[in-house]
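Only one structure is covered here, and it is reproduced in the block below.
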Amino acid sequence: MMAAKTTLRAEDLPDNLGPLRSAIEQAVPHGSVPRHRGRDPGSWENPPVSVDQVWATLADEFNRLCELHPRLAGTNNRKHLGTLGSGNHFIEICLDEAGFVWFMLHSGSRGVGNAIGTHFIELAKKDAELHQRNLPDKDLAYFEEGARYFGDYVRGVSWAQKFAMRNREVMMAHLIATVRKVIARPFESHVEAVNCHHNYVQRERHFGEDVFVTRKGAVSARRGELGIIPGSMGARSYIVRGLGNPESFESCSHGAGRVMSRTQAKKLFSVQDHIQATEGVECRKDANVVDEIPMAYKDIDAVMDAQRDLVEVVHTLKQVVCVKG
């Protein structure tokens, strides 16, 4: 997740937000299609110079990883930098409680991150067949510290998290540049900015020990640390400050979370339901995004109430534009 406050106010936005959404959709590749249908619309055909400049800061470490694991070289990496993806990934224009405009986006390590994860999961399962025969489920396979691929995996996942952070920064830069073209009024951005991971792992110290903490569906909430907790399309989102609760390993929820599968949502809800649920939000309102209808997600306010001992709310955001992959 990444969010940035601007000096724009609600009254500075155009009455018709459709052209703004269209401009954002043109500026940031998003979505995906099966491979057999041709070029992935969610990738760059020819990455712009700004993307390649950032890729240059990631390339050497990635190439060293590929020397050890050659199959990673053929992944969608450079062409996915600065792209949104699909599913619950989004770009939003939001208003806070005081009427200031915020830019917010959600995306991660894209195709290359998925490939790195899949590759090392396969290697862990092969290790488990030899050394962890008592596992109750093959999906519980793991690398012991000091094992053959342990170090490679730690380096690989660390690199993927760097890619994810740079990916968001590139998209935010393109988003800001696009809004400047549509809205003539000069403005400053990054007045307050947050760029935080969720669904990630890092080494930390808790209860007197150095441990690897995996935050799945969670973000770091160290005391004083800012984070982002998004709701669904049509719901509020929150900029929060961590309270550093040791019992949660200084973590909090990363968002509303689904209450039903995408398949179930498409069976239960119609396009008309989606139109009504996202009233007041400039967004796609077609059959391909019905699985992202707000009713498919938990009540974000109930989620926030349940973690009052983990974070405090700094800003409350309500989206007015939402771009979905």
Side-chain angles (χ1 to χ4, degrees), residues 1-4 21-48 50-51 54-55 58 62 72 74-93 103-119 156-157 159-175 178 194-200 215-217 219 228 230-233 237 254-258 261-263 265-266 283-284 286 288-293 296-297 319 321-325:
M1 293 289 306
M2 186 174 185
R21 175 169 71 93
S22 295
I24 296 169
E25 290 173 343
Q26 289 293 318
V28 180
H30 58 284
S32 64
V33 296
R35 286 181 179 271
H36 66 271
R37 293 189 185 176
R39 195 187 78 80
D40 177 7
S43 69
W44 300 101
E45 190 164 9
N46 296 297
S50 59
V51 169
V54 176
W55 174 250
L58 298 165
F62 180 67
L72 298 178
T75 58
N76 203 338
N77 42 75
R78 167 177 162 257
K79 289 188 175 183
H80 265 186
L81 182 61
T83 70
L84 184 61
S86 58
N88 64 348
H89 292 168
F90 62 78
I91 296 173
E92 291 183 343
I93 308 294
F103 302 147
M104 184 165 68
L105 54 86
H106 169 212
S107 189
S109 54
R110 303 292 286 111
V112 65
N114 180 278
I116 289 171
T118 299
H119 173 64
V157 76
W159 181 88
Q161 288 168 192
K162 291 178 188 174
F163 181 99
M165 187 161 283
R166 300 292 179 267
N167 182 47
R168 294 189 291 271
E169 290 169 352
V170 171
M171 278 192 289
M172 183 62 76
H174 289 170
L175 171 59
T178 299
V194 189
N195 191 354
C196 60
H197 294 310
H198 65 241
N199 298 345
Y200 72 107
R215 292 189 173 93
K216 174 62 178 172
V219 293
I228 307 168
S232 63
M233 296 171 71
S237 296
H254 89 296
R258 298 189 71 92
S261 70
R262 297 184 182 280
T263 300
K266 288 181 176 180
C283 63
R284 287 176 58 192
D286 58 73
N288 290 328
V289 291
V290 168
D291 56 337
E292 282 293 304
I293 194 169
Y297 286 83
Q319 74 271 72
V321 176
C322 179
V323 172
K324 280 280 185 183

Do [X] and [Y] touch side chain to side chain, with heavy atoms closer than 4.5 Å?
| X | Y | result |
| --- | --- | --- |
| Ile93 | Leu175 | yes |
| Met171 | Leu84 | yes |
| Met233 | Ile293 | no |
| Leu72 | His119 | yes |
| Arg262 | Asn88 | yes |
| Cys283 | Phe90 | no |

Rounded at 0.5 Å granularity, tell me how far CG in Asn77 sits from OG in Ser109.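 Reported value, rounded in 0.5 Å steps: 11.5 Å.
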Return the CD to NE2 distance between Gln26 and His174, rounded to the nearest 0.5 Å.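 Between atom CD of Gln26 and atom NE2 of His174 there are 14.0 Å.
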Relative to each other, are the rings of His106 and His198 parallel, tilted or perpendicular (30° and 60° limits)?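 Ring orientation of His106 relative to His198: tilted.
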Run Cys196 and His254 through side-chain contact (heavy atoms from CB on, under 4.5 Å) and show every step you take. CA-CA 10 Å; Cys196 60; His254 89 296; over 6 Å; no
Ile228 and Val219: CA distance, side-chain angles, deciding distance, side-chain contact (heavy atoms from CB on, under 4.5 Å) verdict: CA-CA 8 Å; Ile228 307 168; Val219 293; over 6 Å; no
Main-chain N/O of [Y] paired with [X] side-chain donor or acceptor, under 3.5 Å:
| X | Y | value |
| --- | --- | --- |
| Asn167 | Leu81 | no |
| Gln319 | Ser232 | yes |
| Thr83 | His30 | no |
| Arg110 | Ser43 | no |

Determine whether Ile91 and Val321 satisfy the following criterion, side-chain contact (heavy atoms from CB on, under 4.5 Å), listing intermediate values before the conclusion. CA-CA 8 Å; Ile91 296 173; Val321 176; over 6 Å; no
How about His80 and Thr75: does a side-chain donor come under 3.5 Å of a side-chain acceptor?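 Side chains of His80 and Thr75: no pair found under 3.5 Å.
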[X] to [Y] - nearest heavy-atom pair and separation:
| X | Y | answer |
| --- | --- | --- |
| Pro29 | Gly82 | CD-O, 4.0 Å |
| Val290 | Ala265 | CG1-O, 4.1 Å |
| Ala160 | Ile116 | CB-CD1, 4.3 Å |

Applying salt bridge (charged side-chain N to carboxylate O under 4.0 Å, His left out), which residue pairs with at least one partner in residues 21-30 are found, sequence neighbours left out?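 Every salt bridge (charged side-chain N to carboxylate O under 4.0 Å, His left out) pair that includes a residue of residues 21-30, provided the two are not neighbours, is Arg21-Glu25, Arg21-Glu282.
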Answer yes or no: is there an ion pair linking Glu92 with Lys324, defined by an N-O contact shorter than 4.0 Å?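 Salt bridge flag = no for Lys324 with Glu92.
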Looking at Glu45 and Lys79, is there a salt bridge between them, counting it only when a charged N and a carboxylate O are closer than 4.0 Å?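 No, this pair does not count.
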Before you tell me yes or no, could you show the steps for Trp55 and Arg166 under side-chain contact (heavy atoms from CB on, under 4.5 Å), namely the whole-Å CA-CA distance, both residues' side-chain angles and the distance that decides it to 0.1 Å? CA-CA 9 Å; Trp55 174 250; Arg166 300 292 179 267; over 6 Å; no
